Amino acid sequence: MQKFRFPKSERIKSRKQFEKTFIIGKKLSSINQLFRCSYLIEDFKGDPQFESNIKVAFAINRKSGKAVWRNRVKRILREIYRLNKLPLKEILVQKKKSLSFIIFSYKLNESTHKKISLKNFEKDIVELFENIKKEIESL
RNA sequence: GAAUUUUAAUUUUAAUUCUUCAAUCAAUUGGGGAGGAAAGUCCGAACUCCGUAGAGCAGAAUACCAGGUAAUGCCUGGGGGUUGACAAUGCAAAUUGUCAAUUACGGAAAGUGCAACAGAAAACAUACCGUUCCGAUUCACUUCGGAAUAAGGGUGAAAUGGCGGGGUAAGAGCCCACCAGCUCGGUAGUAAUACCGAGGCUUGGCAAACCCUAUUCGGAGCAAGGUCAAGUAAAGGAGAAAAUAAGUUCCGGUUCUUUACAGUAAACUUAUUACGAGGCUGCUCGUCUCGUCAUUACUCCAGGGUAGACCGCUCGAUUCCGAUGGUAACAUCGGAACUAGACAGAUGACUACCAUCUCAACAGGGAUACAGAAUUCGGCUUACUUAUUUCCCAU
RNA sequence: CGGAACGUGGCGCAGCCCGGUUAGCGCACCACUUUGGGGUAGUGGGGGUCGCGGGUUCAAAUCCCGCCGUUCCGA
């Protein structure tokens, strides 16, 4: 069960790191253009037991909806990440790399997606993860 | 955040064990964890800093009366107005009463201004059609001139109180009754106001037009403000204005020397006035600070760095219950409770069960509001679910 | 947290201060004329909840209040 946790060390906490991954990192978008992803792969030297080799953040545009709705989107994204992160982590340990990435909304709106659930977004995000995984494997 | 356990490292100790303090990684346990509007940011405060807040003008806000409150532009009660319903009176118009809703409700007899079109005239009134009298003219109808007249006509949102009677050449508050309005007096009420009486006989509307009157208002806001750590730059541009008096130091001159005298290249102190810059909201006064010839300092412009941690930060005009006072808002007293404090910013996934509605014989499926604290309170406004109450409309 | 501006035919703007007679202008659109045809030019025409809801007034795009949306500025 420990493997599915989502501790604080796996989140991007500082402003500098966030801006670095957002501006320098490569960009991917899902098939239906709802989400985009910005990610950055670096060499990892520390011990994976004490230091996390993966860092995540989720960002939703302020103009796309109201606060309650935005919070719910973020919760669902976190849940999807928590359930699907394992293959990514294994690859990273094998290749001795670290990954930091941000998932942000692109063409997602409260008016078009008023009622949202986990199943709506799971395919898009998992597809993004697989694309990143392929990129790491090719290195 | 708490407790327990584990790991690594440090300090104390001769060493081990034990104990203590601080920090980090991980695990386990059982707790706490968004709202009535957390929203909009429209008012009012608390708190914090800047600072003295002095005067006048300007500006902004508020505006029937009384009470409540920390305070308010909020709330409660009362009064007046408006609207609706019902009842009574009445031929009707309407009036009165009850109930409900609503109300930015000071001043139009301080001044200025505005009112399209229509109309004679839109405010010191005025004579278009009319009405009456007098004079002239004509055979007569008529026409012309002068005077009086707002009762009638038409226009308009609005026409100088309404309506009836008397009166008159025709008319007119010219006179009278009733109604409306104004002023004065009395009665009731804390007051707004209501009722009664008298007077004179009128004063149109718009201040959410300018304005006048009264009252209130120092500014900025938790990115307030404070502590610690880390770290960069001190570099660029622009700017204004001086004299006088006294004293001290130093330098030079005259003199044998001291004293004294004169001079001013330099530095400083004090005083006076002047000027400049800045602060005190915008302006004026007033006042305070600094400066007055300088690769200094000051002011302004432009620019650079940091944005990590902690405090502020949640016990408060707090919440709940009860009693007493008050028509009520609310107040006082007693008891009990502690109820988010984040910083990329908090509740998710799956399963089971319950309620309501719905598709539906059952089973099964679907749906179940508005919406997320950011220093904290009191209101207001807006969004919306369910329940209850009142009023209106329909059957 | 504090402050400011804007919303008018499909598009870009006037009009609002100081309320009034039919809400104008340019581009675009439609029809007709000119041409062998098209363009150009000319003539005529259609198209407006004046962001929404109240209020003041005889009368509101205009004045006042409350919402909604957009944009900008400062800390």
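First the proteins, then the strands, lettered A, B, ... as listed; each starts at 1. Basis for what follows: all heavy atoms, side chains included, without hydrogens, waters or symmetry-related copies. What you see is a predicted model; the values in this text were computed from it and never measured.
A:Tyr81 places its OH atom 19 Å from the P atom of B:rA349, with the value rounded to the nearest Å. Look at CZ on A:Arg72: it is 18 Å from P on B:rG345, rounded to the nearest Å. One atom, CD1 of A:Ile102, and another, P of B:rA344, lie 13 Å apart when rounded to the nearest Å. The nearest whole Å value for the distance from the NZ atom in A:Lys74 to the P atom in B:rG345 is 6 Å. Here B:rA39 presents its P atom at 13 Å from CZ of A:Arg70, a figure rounded to the nearest Å. Residue A:Arg78 contributes atom CZ, which lies 11 Å from atom C1' of B:rU347 at whole-angstrom precision.
In terms of position on RNA chain B, the residue among A:Ala57 and A:Ala67 whose nearest nucleotide sits closer to the 5' end is A:Ala57. Mapped onto RNA chain B by nearest heavy atom, A:Ile76 and A:Trp69 fall at different nucleotides, with A:Ile76 at the one closer to the 5' end.
When the P atom is used for both B:rA104 and B:rU82, the distance is 16 Å, rounded to whole Å. B:rG237 and B:rA242 are spaced 26 Å apart, taking the P atom of each and rounding to whole Å. The gap from the P atom of C:rC64 to that of C:rG48 amounts to 29 Å, rounded to the nearest Å. Straight-line distance between the C1' atoms of B:rA180 and B:rG81: roughly 16 Å, to the nearest whole Å.
The glycosidic torsion of B:rU314 lies within 90° of 0, which places this base in the syn conformation. More than 90° away from 0 lies the glycosidic angle of B:rU95, which makes this nucleotide anti. With its glycosidic angle more than 90° from 0, B:rA229 adopts the anti conformation. Syn is the conformation of B:rG36, whose glycosidic angle sits no further than 90° from 0.
Placement of A:Trp69 and A:Ile103 within a single hydrophobic cluster is found when ILVMFWY residues are connected by side-chain heavy-atom separations under 4.5 Å, directly or transitively.
With a 3.5 Å ceiling on both atom-pair distances, B:rC141 lacks any Watson-Crick or G-U wobble partner. C:rG48 is unpaired under the Watson-Crick or G-U wobble criterion, no partner having all donor-acceptor distances under 3.5 Å. Across all strands shown, C:rG37 forms no Watson-Crick or G-U wobble pair with both distances under 3.5 Å.
Aromatic ring centres of A:Phe58 and A:Phe35 lie farther apart than the 6.0 Å criterion allows.
Separation of atoms CZ (A:Arg72) and CZ (A:Arg75) is listed at 8.0 Å; rounding is to 0.5 Å.
Residue A:Asn71 places at least one side-chain N or O under 4.0 Å from the OP1 or OP2 atom of B:rA346.
Within 6.0 Å of NZ in A:Lys27 there are more than 12 heavy atoms belonging to other residues, nucleotides or ligands.
For B:rG345, the base has no donor-acceptor partner in the side chain of A:Arg75 [N/O atoms by modelled type, under 3.5 angstrom].
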